[in-house]
Amino acid sequence: KKISDSEIEKFLSKQFSNLFSSYTQSFNKVYNRMGSLFIKNFKREVVNCKSYFINAIIYTHRNPVHHGFCKVFEDWSYSSYPAFLFETDSFVEKEKLLKLTGGLDSFIELHRQNLANFESLTNLEII
């Protein structure tokens, strides 16, 4: 029997819910506190165009740099970005994404430009 997308979505959502609930209960018990630790619900959006898809990937790769977990994209080992630069195993369909972005050099440059643009917007001086 084929499992429907909605059944898979429900299952995954429930698994994450259980994980976050267990973690929250344990954390609250250890630190003698009450209440939620995480935002209540996940937000899902349909990715229906090439530019939005590419920007979502770059945003995901930029987040650890933006939040100071690492200095450069390739230093964050929990990201798929290093898989594009180094010969590592990955479930990511690298060839398809590189084709969408115009090749490895273009992929890297899009990331650099995005980070530079983002940093210039967040470093504005208020006069």
Side-chain angles (χ1 to χ4, degrees):
K1 177 187 170 198
K2 186 174 186 217
I3 301 172
S4 72
D5 288 347
S6 65
E7 289 174 309
I8 293 170
E9 191 174 307
K10 273 184 183 175
F11 174 78
L12 290 175
S13 183
K14 183 65 177 165
Q15 297 308 306
F16 276 107
S17 174
N18 291 342
L19 170 70
F20 290 136
S21 178
S22 297
Y23 180 80
T24 299
Q25 289 174 31
S26 296
F27 186 93
N28 285 346
K29 186 175 182 180
V30 168
Y31 294 101
N32 196 29
R33 63 177 303 281
M34 295 171 45
S36 178
L37 298 179
F38 304 104
I39 296 171
K40 295 286 185 204
N41 295 311
F42 291 97
K43 182 179 176 186
R44 293 179 225 137
E45 288 188 38
V46 175
V47 176
N48 55 10
C49 74
K50 176 183 165 181
S51 63
Y52 186 78
F53 177 66
I54 292 169
N55 283 323
I57 290 168
I58 294 171
Y59 168 84
T60 303
H61 290 159
R62 187 188 72 221
N63 250 351
V65 177
H66 166 68
H67 291 290
F69 294 112
C70 60
K71 299 248 185 246
V72 292
F73 298 116
E74 53 269 26
D75 286 348
W76 190 246
S77 61
Y78 305 103
S79 164
S80 62
Y81 187 85
F84 288 90
L85 305 181
F86 312 114
E87 292 295 322
T88 58
D89 290 335
S90 174
F91 65 89
V92 176
E93 295 184 27
K94 296 184 278 191
E95 294 77 22
K96 287 183 181 181
L97 184 56
L98 291 176
K99 187 175 180 180
L100 274 176
T101 59
L104 181 59
D105 291 339
S106 178
F107 177 81
I108 292 168
E109 187 57 29
L110 286 169
H111 278 74
R112 287 187 182 145
Q113 285 175 0
N114 182 280
L115 183 60
N117 291 343
F118 182 78
E119 287 175 344
S120 70
L121 289 174
T122 57
N123 292 330
L124 294 175
E125 287 188 36
I126 299 175
I127 301 173

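This is a predicted model, so every value here is computed, not measured.
- We find the CD1-CG distance between Ile57 and Asn114 to be 12.0 Å, quoted to the nearest 0.5 Å.
- The side chain to side chain contact (heavy atoms under 4.5 Å, CB included) check on Glu109 picks up Arg112, Gln113, with sequence neighbours excluded.
- In this structure, Tyr23 places its OH atom where only 12 or fewer heavy-atom neighbours from other residues, nucleotides or ligands lie under 6.0 Å away.
- Partners of Glu93 according to the side chain to side chain contact (heavy atoms under 4.5 Å, CB included) rule, which considers only residues two or more places apart in sequence or in another chain, are Lys96.
- In plain terms, the two heavy atoms of His111 and Ile58 that are nearest each other are CE1-CG1, 3.6 Å.
- Counting only residues at least two apart or in different chains, side chain to side chain donor-acceptor pair (under 3.5 Å) contacts with residues 24-33 comprise Ser21-Gln25, Asn28-Arg33.
- In this structure, Phe11 belongs to a hydrophobic cluster whose other members, linked by side-chain heavy atoms under 4.5 Å apart, are Ile3, Ile8, Leu12.
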Name the atoms and distances for all side-chain donor-acceptor pairs under 3.5 Å in residues 74-86, with sequence neighbours left out.
residue	atom	partner	partner atom	Å
Ser79	OG	Tyr81	N	3.0
Ser80	OG	His61	NE2	2.8

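- Under the 3.5 Å distance criterion, the side-chain polar atoms of Ser106 are matched with a main-chain donor or acceptor of Thr101.
- More than 12 non-hydrogen atoms from other residues, nucleotides or ligands lie less than 6.0 angstrom from CG of Asn18.
- Contact annotation: the side chain of Leu97 approaches that of Phe53 to within less than 4.5 Å [non-hydrogen atoms, C-beta and beyond].
- Every side chain to side chain contact (heavy atoms under 4.5 Å, CB included) that Tyr59 has, sequence neighbours left out, goes to Arg62, Asn63.
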